[in-house]
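Input: a single structure, listed below in structure tokens.
In this text the structure is predicted, and so the values were computed from the model without any measurement. Just so you know, residue 1 is the first one in the sequence shown, and it goes up from there.
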Amino acid sequence: THNLPPGLEYLNQLDQIIIHQQVELLEAILGTETSSKYEIKNHLGQRVYFAVEENGCFDRKLCSPLRPFTIRIADNAGREVIRVIRPLRCNSCWFPCFLQELEVQSPPGTIAGYVVQNWDPFLPNFTIQNQSKEDVLKIIGPYATCGCFEDVDFEVKALNEMTTIGKISKYWSGFVNNVFTNTANFGIQVPVDLDVRIKAVMIGACFLIDLMFFENSLDGL
């Protein structure tokens, strides 16, 4: 473990990661969006990291789910251990040359990997890459992401897309929760022996999937 990026040692033990969005009172009551904040937990519900999104109010209002952002992820001691950077790009099958690409750094300033959206006319389709931009895994989503009162699973697959090794799940948590707070609850399941840098990239992929498919939806209805 001495070769792991500082702060990622704990990810070495995990095969399940829970991401819970924290909704502030003003946002819940008035519908006024503030910067997103998340708790990242293990399968027992114990907080491992917390994350804060940084961007301008102008970006949130004008660009909404397409907005550029930087998400800083810190451990329980307040030390930043992961940085997720999303530039402003397209989100349409009509513009396949400028689709989404996310950069994940760990420690901040050092590339851990990338999440790259692939052109697909029907399915959410992403590639997970390592720090050298070599393809490592695929993420394939469902035709419909509305949920319909159930969880929505994005399957994590080997590069041949034949073998499923994990998933990113959007948990449906009920009518009141989704409509009045629009909160996000996700689970990431991956092999425990997956490179911790790729696990960090999977956390970044989860944030990207949330913004692209769920932030402004009444999912679960």
Side-chain angles (χ1 to χ4, degrees), residues 8 10-22 36 38-43 45 47-51 53 65 69 71 73 82 84-86 91 99-104 106 112-118 120 122-130 135-173 177-178 182-217 219-220:
L8 295 194
Y10 193 72
L11 286 182
N12 203 40
Q13 311 168 35
L14 298 184
D15 60 0
Q16 185 174 7
I17 302 165
I18 307 298
I19 299 180
H20 171 69
Q21 184 179 8
Q22 296 179 311
S36 298
Y38 303 86
E39 286 189 318
I40 301 173
K41 305 176 181 179
N42 62 19
H43 70 285
R47 190 177 74 179
V48 181
Y49 305 113
F50 59 91
E53 176 187 349
F69 63 66
I71 294 180
I73 302 175
I82 304 171
V84 180
I85 301 172
R86 180 201 195 188
N91 181 24
L99 297 177
Q100 294 295 308
E101 182 171 320
L102 195 78
E103 178 183 299
V104 179
S106 184
Y114 301 87
V115 184
V116 179
Q117 183 185 9
N118 305 310
D120 192 301
F122 303 112
L123 297 175
N125 190 318
F126 302 89
T127 298
I128 301 296
Q129 299 178 333
N130 63 17
D135 295 351
V136 177
L137 296 170
K138 294 278 192 176
I139 299 176
I140 309 295
Y143 288 100
T145 59
C146 64
C148 299
F149 302 105
E150 61 184 16
D151 296 348
V152 180
D153 293 333
F154 289 69
E155 294 186 338
V156 180
K157 293 178 174 287
L159 291 179
N160 61 14
E161 299 186 15
M162 300 298 293
T163 305
T164 300
I165 67 163
K167 61 183 179 179
I168 296 176
S169 300
K170 171 67 170 70
Y171 297 139
W172 182 78
S173 48
N177 194 34
N178 280 315
N182 201 30
T183 189
N185 292 283
F186 283 88
I188 302 171
Q189 295 183 31
V190 291
V192 68
D193 59 351
L194 186 67
D195 188 327
V196 293
R197 296 169 182 83
I198 301 302
K199 290 181 182 180
V201 176
M202 295 295 295
I203 293 174
C206 189
F207 290 134
L208 181 60
I209 287 170
D210 178 25
L211 264 69
M212 289 180 65
F213 300 103
F214 300 108
E215 181 170 275
N216 292 326
S217 69
D219 47 276

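Minimum heavy-atom separation, R47 to K41: CA-CG, 4.0 Å. The two residues I73 and A51 come nearest to each other via the heavy atoms CG1-CB, 3.7 Å. L123 and G141 make their closest contact through CD2-O, 3.5 Å (heavy atoms, listed as atom of the first residue, atom of the second, distance). Residues V201 and Y114 share a closest heavy-atom pair of CG1-O, 3.6 Å.
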Problem - Residue pair F126, L208: steps toward the side chain to side chain contact (heavy atoms under 4.5 Å, CB included) verdict - result: CA-CA 10 Å; F126 302 89; L208 181 60; 3.9 Å; yes
Exercise for the section: Kindly determine whether I188 and L14 satisfy side chain to side chain contact (heavy atoms under 4.5 Å, CB included), including the steps that lead there. Expected result: CA-CA 10 Å; I188 302 171; L14 298 184; over 6 Å; no
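The main-chain N or O of D193 is never found under 3.5 Å from a side-chain atom of K199 such that the two would form a donor-acceptor pair. Between the side chain of D120 and the backbone N or O of F122 there is at least one donor-acceptor pair closer than 3.5 Å. A donor-acceptor pair is defined here as one N or O able to donate and one able to accept, closer than 3.5 Å; no such pair exists between the side chain of K170 and the backbone of F213.
Using a 30° and 60° split on the angle between ring planes, Y38 and F207 fall in the tilted class, from 30° to 60°.
In this structure the side chain of I19 never reaches within 4.5 angstrom of the side chain of Y171, judged on heavy atoms. The closest side-chain heavy-atom distance from N130 to D195 is not below 4.5 Å. You'll find the side chain of I128 reaches within 4.5 Å of the side chain of V115, heavy atoms only. You'll find the side chain of I82 reaches within 4.5 Å of the side chain of L8, heavy atoms only. Side-chain contact between I209 and I139 is present, with heavy atoms from C-beta onward closer than 4.5 Å. When side chains are defined from C-beta on, V104 does not count as touching I203, because their heavy atoms never get closer than 4.5 Å.
Residues F186 and F214 bring their aromatic ring centres within 6.0 Å.
A donor-acceptor pair shorter than 3.5 Å can be found between the side chains of N118 and T127.
Looking at L159, I165, V156 one by one, the single match for side-chain contact (heavy atoms from CB on, under 4.5 Å) with K138 turns out to be L159. For the side-chain contact (heavy atoms from CB on, under 4.5 Å) with F154, the lone residue among C206, P142, S169 that qualifies is P142. A side-chain hydrogen bond (donor to acceptor under 3.5 Å, both in side chains) with R86 is found for one member of Q100, E101, E53 and no other, namely Q100.
Note: Q189 CD to I18 CD1 = 7.5 Å, rounded to the nearest 0.5 Å. Distance check: T163 OG1 to K157 NZ gives 8.0 Å after rounding to the nearest 0.5 Å. Interatomic distance, CD1 of I140 versus OG1 of T164, reported as 9.5 Å (0.5 Å rounding). Distance check, rounded to the nearest 0.5 Å: CG of D151 to NZ of K167 gives 7.5 Å.
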